Amino acid sequence: MSLSRRWFSSMQPKGIKLSKSFLEVSGPETSKFLQGLCSNDVSQLKVTGDSLAVAFFNPKGRILATAILHYFKPTIGENDTIHNEEHIVIETSDFYMKTLAQHLPKFKLRSKVKISTAQVEVLFSPHIPLSPIALPVIPIENYFLSSLDPRIPNFGCKYLRCLSGTDDSNALLNTTNSDAWYNRYKILHGIADGVEVNNRIPLECNLDLLKYISFSKGCYVGQELTARTKFKGIVRKRLIPFLVRRNWHQPTEAFQALDIHTMTQLLNEPFQSDLEVSSRIKIGDKVIVSSSPSSYETTPSSSTSSKQQEIGEVISLSEDNSMGFIMAQLEELQQFKTISHHPYFSLLSMNASNESELEKSVIEDQIVLFRPTWWDI
């Protein structure tokens, strides 16, 4: 890989190392090749350091992989000749690496591009201060590329560098705590981009709200169904983040945004939660609310009788089960956005084998849904 070193500050920040996988696409037709495969407009990448959130879909319009594209174009090559080749580094999760490595070459045909695995390391420097609790940080030195995360403002910055054959990427630091912290950081910002969105409908996973999709670009694989969902307005479900109920967090209304103080507090606490609660929460649990007029106010159309109403299902959890995502039914959730006295929701475990166990499996009032800052629905 030809490197184009770019320094952005004389005072180098510090970052945490992330476990990511990388592919590199290079050649004079790099942008054209990727333009026909991914969901966003690759022509926006013009200058070294530009980045773009993209997704790759299957022919049915479901998510095959999510990724961040990092662009750089060497200007001076050997013998001071100008290079016209573009280089785009595709950053994706380890889960999607094999899928993308098999997917891209199928469409190469006669395109003047080279697709290869890139030995790259990435550091992330967040907008919110790093946790001081057992979280290793390293200086940003010898990193050839820097780019802002393109999904939401002030999320953070990523620094990339090539690894040589003698580099031991694990020698720098153990990434276990770093990845757990970063996963928590993403959830608190309402970003889901891993296995939890695999094979799901893009708009249900908020990819349109997180700048993964351009609805004005030309055709790409899966584009027709994605556009139809958008313009017909048939999005019945959305991913919504939640927190396990904690003593420190007493929301005054349902579906409120988290302030910066609460976010920092969550990021800086040890990676453990209320074991009595978190040990019982499982992916697949149903999220319910008991509609009782005596416990909170509902919309005028709500029934006056007490009943349990399902609004979604848990599809993702942080490493310590203290937070995660539910796939929520928007129609069911809408009536609870104005609740003034009962912002908590309950979990109904799917592990119960009979009706008697089902009654005991309801974890009352243990999670709270919160609104990401970019949410405008």
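Reckoned from all heavy atoms, side chains included, excluding hydrogens, waters and symmetry mates. What you see is a predicted model; the values in this text were computed from it and never measured.
Leu109 and Val221 fall into different hydrophobic clusters, where Ile, Leu, Val, Met, Phe, Trp and Tyr side chains are chained together by heavy-atom contacts under 4.5 Å. Side-chain heavy atoms closer than 4.5 Å link hydrophobic residues (I, L, V, M, F, W, Y) into clusters, and following such links, even through other members, never connects Ile16 to Leu148. By the rule that hydrophobic residues join a cluster once side-chain heavy atoms approach within less than 4.5 Å of another member, Ile88 and Tyr159 end up as members of separate clusters. Under the 4.5 Å side-chain contact rule for hydrophobic residues, Leu104 and Tyr212 do not share a cluster. At a threshold of 4.5 Å between side-chain heavy atoms, the hydrophobic network of Ile, Leu, Val, Met, Phe, Trp and Tyr places Phe95 and Leu69 in two separate groups.
Phe215 and Phe231 have perpendicular rings, their planes meeting at more than 60° on a 0 to 90° scale where under 30° would count as parallel.
If you run side-chain contact (heavy atoms from CB on, under 4.5 Å) between Phe242 and each of Ile187, Val287, Leu317, only Leu317 comes through.
Neither side chain, Asn183 nor Ser318, offers a donor N or O lying under 3.5 Å from an acceptor on the other. A donor-acceptor contact closer than 3.5 angstrom is absent between the side chains of His70 and Ser51. Asp179 and Ser19 share a side-chain donor-acceptor pair at under 3.5 Å. Side-chain N/O atoms of Asp41 and Gln35 include a donor and acceptor closer than 3.5 Å.
Contact detail for Pro150 and Lys211: the closest heavy-atom pair is O-CD, 3.5 Å. Residues Pro126 and Trp181 come closest through the heavy atom pair CG-CH2, 3.5 Å. The minimum heavy-atom distance between Arg236 and Ile234, with the atom names listed, is NH2-CG2, 3.6 Å. Between Ser111 and Phe33, the shortest heavy-atom contact is OG-CD1, 3.9 Å. Considering all non-hydrogen atoms of both residues, Gly218 and Tyr220 come closest at O-CD2, 3.5 Å. What you find for Tyr96 and Val197 is that their closest heavy atoms are OH-CG2, 3.4 Å.
The CG atom of Leu52 sits 8.0 Å away from the CD1 atom of Ile68 when rounded to the nearest 0.5 Å. In this structure, Ser214 OG and Gln223 CD are separated by 9.5 Å, a value rounded to the nearest 0.5 Å. Note that NZ of Lys60 and CG of Asn199 are 8.5 Å apart. Values are rounded to the nearest 0.5 Å. To the nearest 0.5 Å, atom CZ of residue Phe370 and atom CD1 of residue Ile240 are 10.5 Å apart. Distance check, rounded to the nearest 0.5 Å: NZ of Lys230 to CG of Asp208 gives 5.5 Å. For the atom pair CG of Leu203 and CG of Leu225, the computed distance is 11.5 Å after rounding to the nearest 0.5 Å.
Between Lys17 and Glu121, the closest side-chain pair of non-hydrogen atoms falls below 4.5 Å. Within the 4.5 Å cutoff, the side chain of Phe22 has no heavy atoms near those of the Ile90 side chain. For the pair Ile63 and Leu207, the minimum side-chain heavy-atom distance is below 4.5 Å. Side chains of Met97 and Thr117 form a contact here, defined as non-hydrogen atoms less than 4.5 Å apart. Side-chain atoms of Asp193 and Ser93, non-hydrogen and from C-beta on, never get closer than 4.5 Å to each other. Side chains of Thr66 and Phe56 form no contact here, defined as non-hydrogen atoms less than 4.5 Å apart. Here the side chains of Asp320 and Arg184 are in contact, with some heavy-atom distance below 4.5 Å. Contact check for Met327 versus Leu239: side-chain heavy atoms found under the 4.5 Å cut-off.
Remark: Arg151 qualifies as a cation-pi partner of Phe155 under the 6.0 Å distance and 45° angle criteria applied to the six-membered ring.
Trp374 contributes a side-chain N or O that, together with a main-chain N or O of His189, makes up a donor-acceptor pair within less than 3.5 Å. When atom types are taken as modelled, the side chain of Glu24 and the backbone of Ile115 share no donor-acceptor pair closer than 3.5 angstrom. A donor-acceptor distance shorter than 3.5 angstrom exists from the side chain of Glu196 to the backbone of Gly194, with no hydrogens or angles considered. Side-chain atoms of Asn58 come within 3.5 Å of backbone atoms of Gly61 as a donor-acceptor pair (strictly under, hydrogens ignored). With hydrogens and angles ignored, the 3.5 Å screen pairs a side-chain donor or acceptor of Glu29 with a backbone N or O of Lys112. Of the possible donor and acceptor atoms, none in the side chain of Lys217 sits under 3.5 Å from a partner among the backbone N and O of Ser39.
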Go through the steps to decide whether Lys158 and Asp149 satisfy the test side-chain contact (heavy atoms from CB on, under 4.5 Å), and finish with yes or no.
-> CA-CA 7 Å; Lys158 290 182 177 178; Asp149 192 290; 3.9 Å; yes
Step by step, would you call Leu18 with Leu123 a side-chain contact (heavy atoms from CB on, under 4.5 Å)?
-> CA-CA 6 Å; Leu18 304 180; Leu123 297 188; over 6 Å; no
Walk me through it: do Val47 and Tyr71 pass the test side-chain contact (heavy atoms from CB on, under 4.5 Å)?
-> CA-CA 7 Å; Val47 181; Tyr71 181 91; 5.8 Å; no
Please walk me through it: do Leu34 and Val54 pass side-chain contact (heavy atoms from CB on, under 4.5 Å)?
-> CA-CA 10 Å; Leu34 289 173; Val54 302; over 6 Å; no
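When ring centroids are compared, Phe124 and Tyr185 come within the 6.0 Å threshold.
Surrounding NZ of Lys186 are more than 12 heavy atoms belonging to other residues, nucleotides or ligands, all under 6.0 Å away. With a 6.0 Å radius and a threshold of 12 heavy atoms from other residues, nucleotides or ligands, Lys108 has its NZ atom above the threshold.
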